Undergrad: 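The structure that follows is given in the form of structure tokens.
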Amino acid sequence: MSPVTRAELEALDARDPLAPFRERFDLPDGVIYLDGNSLGALPRPTAKRVQELVTREWGQDLIRSWNVHGWIDLPRRVGAKIARLIGAAPDEVVVCDSTSINLFKVLAAALRLRPERRVILSDTGNFPTDLYMAQGLVELLGQQHEVRIVDERDVLNAIDDQVAVVMLTQVNYRTGYLHDMAAITRRAHERGALVIWDLAHSAGALPVDLNGCGVDFAVGCGYKYLNGGPGAPAFLFVAKKWQAHVRSPLWGWLGHAEPFAFELTYRPADGIGRFLCGTPPVLSMAALEVGVDFLLEADIEAVRHKSQLLGHHFIALADQELVPFGFEVTSPRDPNRRGSQVSLRHPEGYPMVQALISRGIIGDFRAPDILRFGLAPLYVRYVDVWETVMALREIVETRAWDRPEFRRRAKVT
Ligand SMILES: *Cc1c(COP(=O)(O)O)cnc(C)c1O
């Protein structure tokens with residue numbers, strides 16, 4: 001293979017149809033931001049939207065805003081928009097709570113649809129909070145269930161007729177491995193199991209087709225590729241065919257059929273609304289809506305195309321420049337099995353990432369030895385891939401990473 005050159009990457013930027021989006025994010029000058037898979041960048045209109053919400057809607061219109069400015073409809077309105085990104089119908093998605101809480105709600109609901117089965121199947125590549133929430137639910141339900149965790153390549157074969165629910169994150173947060181949603185969902189259904197997909201690293205990064213795959217339940221994150229801001233509310237999906245048959249385990253008043261009747265006894269709302277719980281975080285919802293609108297404006301197929309090309313060039317350059325220095329590429333090389341990130345392994349990964357950050361190239365580190373680079377196509381340029389790999393190579397060649405301040409572990413890595 002011919003070596004990757006900077007000129008080649010510049011040429012890709014010059015004809016990139018998504019390039020104009022970068023200017024619409026408020027990124028600091030000189031920063032290369034490769035952590036959009038952990039906290040998406042700030043869309044420029046977000047500050048103005050939140051400002052207007054605070055000063056006019058909250059400050060001036062006060063409580064009337066729940067009706068006049070439609071605050072009360074935000075969970076469904078933003079949910080309906082996210083639905084378009086993930087192959088769902090508008091009344092199958094609501095925005096609420098956190099990914100962890102939403103996972104708990106849909107897992108409890110799913111288990112009750114399979115009362116005779118005892119296994120929740122997941123994989124070692126799942127994000128720990130998903131596993132913890134499942135383990136906590138199992139304890140709450142009296143330890144009658146088992147959370148069975150298998151290697152991600154063994155999931156398909158591990159789905160047997162004891163499995164109640166297959167609970168997976170579509171894209172592995174460490175390696176970027178992308179599960180075959182269609183095949184796993186099909187197998188689960190053949191064996192009588194239900195599926196829950198966590199879209200934390202796929203919504204907004206690649207086209208997802210929940211209904212095309214016949215998915216039962218899904219959850220996802222607002223602050224990663226959807227650019228909703230720190231702690232943005234999450235979303236959940238319940239397929240229409242299940243909506244009348246399931247209960248949320250958390251019976252909040254906004255999930256009641258008539259919240260403002262203030263009845264003493266819970267009655268679930270029709271449809272997806274029964275998965276709402278308490279009052280929506282209006283400021284955060286409004287910020288999330290701006291991020292979602294950006295993605296709706298961009299063609300998600302174009303987003304995926306660019307993401308795959310960014311990943312391809314990152315890996316090719318890493319092979320060329322970094323593998324000789326002891327790095328290993330842990331992300332799948334097959335672009336159809338890779339999400340929107342590239343991960344490298346190196347035993348000194350932590351201080352190396354800190355050295356990169358000190359130069360304005362922001363990636364992150366995942367224990368024990370993974371350097372992780374998120375490739376959010378709305379604001380990452382092809383040349384950023386070049387700059388990153390070359391900077392890392394220089395850091396390694398000069399041992400610039402080998403300094404005590406780079407070894408000090410922060411609370412958040
Ligand atoms: C980021 C992420 C979460 C985050 O959950 P929170 O409740 O928002 O903290 C959950 N699951 C997966 C797979 C993630 O990647």
Side-chain angles (χ1 to χ4, degrees), residues 34-41 75 78-79 82 85-86 93-108 110 120-137 147 149 152 155 165-179 181 184 195-206 208 210 215 217-237 248-250 275 277-278 280-281 284-285 287-288 291-292 331 338-341 343 363-367 370 372-376 411-413:
L34 304 178
D35 218 351
N37 51 341
S38 206
L39 175 65
V78 182
I82 292 174
L85 295 172
I86 57 177
V93 180
V94 277
V95 173
C96 53
D97 303 320
S98 67
T99 308
S100 305
I101 302 289
N102 286 336
L103 185 81
F104 184 87
K105 293 189 289 188
V106 298
L107 179 58
I120 301 161
L121 181 70
S122 194
D123 70 7
T124 52
N126 207 345
F127 191 74
T129 201
D130 294 39
L131 302 173
Y132 303 161
M133 293 311 285
Q135 290 159 6
L137 179 60
V147 182
I149 303 172
E152 64 192 2
V155 168
V165 178
V166 179
M167 179 190 86
L168 296 169
T169 296
Q170 191 184 9
V171 175
N172 179 319
Y173 73 104
R174 272 209 189 93
T175 63
Y177 176 77
L178 169 65
H179 274 299
M181 176 182 280
I184 290 174
V195 294
I196 299 173
W197 285 100
D198 186 332
L199 310 177
H201 292 273
S202 31
L206 47 101
V208 177
L210 292 179
V215 169
F217 303 93
V219 298
C221 186
Y223 52 78
K224 291 172 180 160
Y225 292 98
L226 297 182
N227 303 314
F235 63 89
L236 68 80
F237 158 90
S248 168
L250 302 177
F275 282 87
C277 199
S284 301
M285 290 257 179
L288 173 59
V292 171
S331 294
R338 189 175 66 235
S340 203
Q341 70 183 65
S343 301
D364 65 21
F365 172 80
R366 286 293 173 262
I370 291 193
R372 195 172 71 146
F373 301 99
L375 306 170
K411 239 187 208 169
V412 177
T413 65

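Because the structure is a prediction, the values reported are computed rather than measured. One-based numbering, in listed order, for ligands and for the atoms of each.
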Undergrad: Under the rule for side-chain hydrogen bond (donor to acceptor under 3.5 Å, both in side chains), what residues qualify as partners of Asn37, not counting sequence neighbours?
TA: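 So Asn37 forms no side-chain hydrogen bond (donor to acceptor under 3.5 Å, both in side chains) with any residue.
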Undergrad: With heavy-atom distances below 4.5 Å as the criterion, would you say the side chains of Asp130 and Ser122 are in contact?
TA: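 Asp130 does not reach Ser122 side chain to side chain.
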Undergrad: Which residues pass the side-chain hydrogen bond (donor to acceptor under 3.5 Å, both in side chains) test with Arg372, not counting sequence neighbours?
TA: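 Result, side-chain hydrogen bond (donor to acceptor under 3.5 Å, both in side chains) vs Arg372: Asp364.
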Undergrad: Who passes salt bridge (Lys or Arg N to Asp or Glu O under 4.0 Å) against Lys224, sequence neighbours left out?
TA: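 So Lys224 forms no salt bridge (Lys or Arg N to Asp or Glu O under 4.0 Å) with any residue.
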Undergrad: Tell me yes or no: between the side chains of Asp198 and Gln170, is some donor less than 3.5 Å from an acceptor?
TA: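 Short answer, no.
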Undergrad: Listing by chain and number, which residues have a heavy atom under 4.0 Å from ligand 1?
TA: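 Lining ligand 1: Ser98, Thr99, Ser100, Phe127, Thr129, Asp130, Thr169, Asp198, Ala200, His201, Tyr223, Lys224.
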Undergrad: Under 3.5 Å, is there a donor on one side chain and an acceptor on the other for Thr129 and Ser100?
TA: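 A donor-acceptor contact under 3.5 Å links the two side chains.
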